[in-house]
**Q** 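Okay, handing you the structure first.
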Amino acid sequence: MFFNFSDSTQGMITRFRRFAFEVMLILILSLLLSLVYNALSPNSIRVLPKKSPDEKTDRGKEAQSQICLQGTMIAPPTPNTGNGIRV
Amino acid sequence: MAATLSLIFRIIIGGIFLIAGLAKISDPVRFMLTLREFDMFPRSIIPFLAVYLPWLELILGMFIVIGLLYRTSAFMLAAMNIMFTLAILSVIIRGLEIDCGCFGLLADVLKLPDMADYKAVIRNLIFTGICFYIALARQTIISLEGYLARKNNIR
C-alpha cells in the first residue's frame with residue numbers, strides 16, 4: 001500500500017466501493033432485463049438505429065456515390081421555345 | 001418511530017415507481033414519443049432510453065419495497081427524480097405544453113394529472129425528499145436485507 005489511510009477514511013472508502021458496486025449491479029440488471037424483454041415483447045422498439053440497405057456494404061456506398069455522380073452529369077431539361085428548337 | 005416511518009415511505013415511493021415503471025413498460029412507444037416531445041436528447045438514444053428507464057424505475061421501486069439494497073436504490077431514485085425535475089423545468093422555461101410521461105398509460109386510465117408543469121416539479125421534489133429520508137434513515141423494519149443479516153448472524 002502506498003497510502004496509509006486512517007480507519008475512518010478506510011471505512012469511507014469501503015462504503016463508497018460497496019455503494020459503487022451496488023449501483024453498477026442495479027444498472028446492469030436493469031439493462032439486461034430491459035433488453036431481453038424488449039427482444040421478446042410483441043410491441044418492441046428498435047433500440048439501435050436502422051441502417052439503410054445501401055449503407056450496409058462498401059459496394060452499396062460506392063453504388064450510391066455513382067448515382068450521385070451520374071445525377072450531376074445529366075443536364076436538366078431545357079425549356080421548349082415552341083418552334084421545335086430547345087434552348 | 002423513525003423505522004416505521006421509513007417502512008411507510010418505502011412502500012409509498014417503491015409502490016409508486018413500481019407501478020409507474022410497469023405502466024411505461026406496457027406502452028414503450030408512447031413513452032418514446034413523450035421523450036421526443038421533450039426535445040432534449042439526441043434522436044438516436046431516445047429508443048434506448050424509452051426501453052431502459054422504465055425498467056430502471058421498476059427495479060428500483062421493487063428493491064425499495066422489498067428492502068433489498070434499499071439505501072442505494074433510494075439514492076439512485078433521488079438522483080433520477082432530480083434529473084426528471086430539471087427536464088420538466090427546462091420544458092416550462094421553453095414554454096412547451098406537453099405531458100411529463102411520469103405515469104404513462106396509467107395517467108389516462110386513472111385520470112392522473114400528467115402535465116409537465118410546476119405541480120409535477122413540486123411532486124418530484126417531495127419524492128426526492130422522501131427518497132433521501134429512506135436512504136439516510138438509521139434503520140427500517142421488515143426488509144429482506146435485515147432478514148438476511150439476521151439469518152447470517154444466527155449461523
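The sequence lines fix the lettering, A, B, ..., with proteins before strands; numbering per chain opens at 1. None of the values given here were measured: they were computed from a predicted structure.
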**Q** Is the number of heavy atoms from other residues, nucleotides or ligands within 6.0 Å of OH (B:Tyr118) greater than 12?
**A** no
**Q** Step through the shown structure and confirm whether more than 12 heavy atoms of other residues, nucleotides or ligands are within 6.0 Å of CG on A:Asp7.
**A** no
**Q** By a 4.5 Å heavy-atom criterion (distance strictly below it), what part of B:Ile59 contacts chain A: side chain, backbone, both, or neither?
**A** side chain
**Q** Under the ring pair (Phe, Tyr, Trp, His ring centres under 6.0 Å) rule, what pairs show up with a residue in residues 80-100 of chain B, not counting sequence neighbours?
**A** none
**Q** Less than 4.0 Å between a side-chain N and a carboxylate O, is that true for B:Asp117 and B:Arg123?
**A** no
**Q** For B:Ile46, is it the side chain, the backbone, both, or neither that has a heavy atom closer than 4.5 Å to a heavy atom of chain A?
**A** neither
**Q** Answer with side chain, backbone, both or neither: which region of A:Leu25 has an atom nearer than 4.5 Å to a non-hydrogen atom of chain B?
**A** side chain
